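The model shown is predicted, which means the values in this text are computed figures rather than measured ones. For the single chain, residues carry numbers from 1 onward in sequence order. Every heavy atom of this structure was used, including side-chain atoms; hydrogens, water molecules and symmetry mates were not.
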Amino acid sequence: MGRMRAVVCEEFGSVVVREQDPPEPGPGQALVDVAAAGVNYVDALLVHGRYQIKPPLPYVPGTEVAGTVAALGPGADGPAVGTRVLVGCFGGGFASQVAVPASALVPIPDHLDAPRAATFLQSHCTALFALRERGGLASGETVMVLGAGGGVGLATIKVATALGARVLAVASTPDKRELALAAGAEAAVGPDDVKTSAREWSQGGVDLVVDPVGGALADPSLRALREGGRYLVIGFASGEIPSLPLNQVLLRNRTVVGVDWGAWSLTHQAEQRALLDTALDLVTDPVAPRTHPLDAAPTVLDDLLHRRTAGKIALIP
């Protein structure tokens, strides 16, 4: 068996591309020839040792891929060899091949190419879990999406509009706002005075705020909610965990809701598979990611960590 190329984190803060032996699929596992690997904010945090879980070094990052089933290990029950699949994995994705549980493989719909499939799972499942399961979104409601030009933000726009909501996008640069509008947002604004922008656009206050950013926008975004509005806390891409004024939660009977899709998905595997199937049915035209070779991984991860990236990114082995 030949060697494969992989992105390797040998010390926190940096990665290198190495040739190494490909993995062997163990009992219940499948070997996947990787066609594309999605790059997520969590990957950048893991590489820089800033995530709550620190993997043992050295390790190959990458937590979602799309490709083709190359082999099945002993006792594996999954899609046949040659099937196009997407899968979430616990590292190992930034490589030519990856071994994963065969039961976790999901056949890719014919309308999705590999880069779109590789960048679908985490962002769109997070968005659907946030909006439907945690936020109780109803058709016709208004949603303000912070960080709307990033991967989770764009997926949230797609999911929210598919569920019948109207979306106001908040993004820091003109190119990110253009991406948000192209994804289906009704309007897009910059981060200055989001409370006034949201209240004017929604005629009094939005029903939901989706916040994967944190930082300084949290306080004015909370104040932008209407009576009974819900503030969904997804993450802190700004690097700053905000402190919210609880009097603003009390006023107008607002609700602040935590959204931890990752932990939930690990302990609710059947429900997660159903959630993914629903997301694939809802969003048939996900935003196409920009693609880069594996050798670009150091720059891509650094840009993602420092919020210099618009849209989704996929690495191509």
Side-chain angles (χ1 to χ4, degrees), residues 38 40-46 50-53 63-64 88 119-138 141-163 165 167-171 180 183 185 194 198 206-215 217-222 224-226 228-244 246 248-249 253-279 282-283 286 307 312:
N40 295 284
Y41 184 65
V42 66
D43 297 314
L45 290 177
L46 282 163
R50 290 170 53 179
Y51 195 61
Q52 54 261 43
I53 300 170
T63 50
E64 62 177 334
T119 54
F120 188 92
L121 192 154
Q122 292 190 27
S123 295
H124 292 81
C125 285
T126 296
L128 182 57
F129 181 69
L131 292 168
R132 189 184 68 177
E133 309 303 326
R134 302 295 292 145
L137 177 67
E141 288 194 308
T142 53
V143 180
M144 183 167 73
V145 180
L146 306 184
V152 170
L154 291 169
T156 300
I157 294 169
K158 286 287 188 181
V159 172
T161 53
L163 293 173
V167 176
L168 172 66
V170 180
V194 294
V206 296
D207 295 293
L208 282 87
V209 169
V210 177
D211 183 8
V213 179
L217 286 183
D219 187 303
S221 297
L222 176 63
L225 286 171
R226 66 154 177 84
R230 292 92 77 197
Y231 188 107
L232 307 184
V233 181
I234 291 182
F236 313 103
S238 68
E240 178 187 345
I241 299 175
S243 297
L244 294 175
L246 289 182
Q248 290 298 322
V249 179
N253 293 302
R254 295 165 171 140
T255 304
V256 176
V257 182
V259 180
D260 188 354
W261 165 77
W264 174 87
S265 68
L266 295 178
T267 55
H268 298 77
Q269 294 184 9
E271 294 93 335
Q272 162 55 24
R273 177 57 188 268
L275 185 83
L276 175 57
D277 288 342
T278 299
L282 277 174
V283 182
R307 302 188 65 201
K312 291 288 289 186

Inset, instruction - State, yes or no, whether a side-chain contact exists between L246 and V249 at a heavy-atom distance under 4.5 Å. - result: yes
Inset, instruction - Supply the atom-to-atom distance Q52 CD to L46 CG, rounded to the nearest 0.5 angstrom. - result: 8.5 Å
Legend entry - Minimum heavy-atom distance W264-F129, with the two atoms named: CD2-CE1, 3.5 Å
Legend entry - Spacing of CG belonging to L154 relative to NZ belonging to K312, to within rounding of 0.5 Å: 9.5 Å
Inset, instruction - For residues F120 and A279, report the shortest heavy-atom separation together with the two atoms involved. - result: CZ-O, 3.4 Å
Inset, instruction - Check the side chains of Q272 and W261 for a donor-acceptor pair under 3.5 angstrom, ignoring hydrogens and angles. - result: yes
Legend entry - Side chain proximity check, T126 to T156, heavy atoms < 4.5 angstrom: no
Inset, instruction - Determine the minimum heavy-atom distance between A169 and A185, stating which atoms define it. - result: CB-CB, 3.9 Å
Legend entry - Crowding at CD, E240 (>12 non-hydrogen neighbours, <6.0 Å): yes
Inset, instruction - Only counting residues at least two apart or in another chain, list the ones meeting side-chain hydrogen bond (donor to acceptor under 3.5 Å, both in side chains) with T63. - result: D43, Q122
Legend entry - Considering all heavy atoms, the nearest V210-P212 contact: O-CD, 3.4 Å
Which donor-acceptor pairs under 3.5 Å do the side chains of residues 130-137 make with protein atoms, sequence neighbours left out?
{"residue": "R134", "atom": "NE", "partner": "G258", "partner atom": "O", "Å": "2.8"}
{"residue": "R134", "atom": "NH2", "partner": "G258", "partner atom": "O", "Å": "3.1"}

Inset, instruction - Enter the distance from I157:CD1 to L168:CG here, rounded to the nearest 0.5 Å. - result: 9.5 Å
Inset, instruction - Work out which heavy atom in V167 is nearest to a heavy atom in A160; give both atom names and the distance. - result: CG2-CB, 3.7 Å
Legend entry - Spacing of C125 atom SG and D277 atom CG [to the nearest 0.5 Å]: 9.0 Å
Inset, instruction - Would you confirm whether T142, through its side chain, and D207, through its main-chain N or O, come within 3.5 Å as a donor-acceptor pair? - result: yes
Inset, instruction - Check D219 against L244 and note the closest heavy-atom contact, atom names and distance. - result: N-CD2, 4.3 Å
Legend entry - L232 CG to S221 OG distance, which is reported to the nearest 0.5 Å: 11.5 Å
Inset, instruction - Check the pair V206, L225 against side-chain contact (heavy atoms from CB on, under 4.5 Å), reporting the backbone distance first and the verdict last. - result: CA-CA 5 Å; V206 296; L225 286 171; 3.9 Å; yes
Legend entry - Set of side-chain hydrogen bond (donor to acceptor under 3.5 Å, both in side chains) partners for K158, sequence neighbours left out: D285
Legend entry - Check: S238 side chain, V213 main-chain N or O, donor-acceptor pair, under 3.5 Å: yes
Inset, instruction - Could you tell me the separation between the CZ atom of F236 and the OH atom of Y41, rounded to the nearest 0.5 Å? - result: 10.5 Å
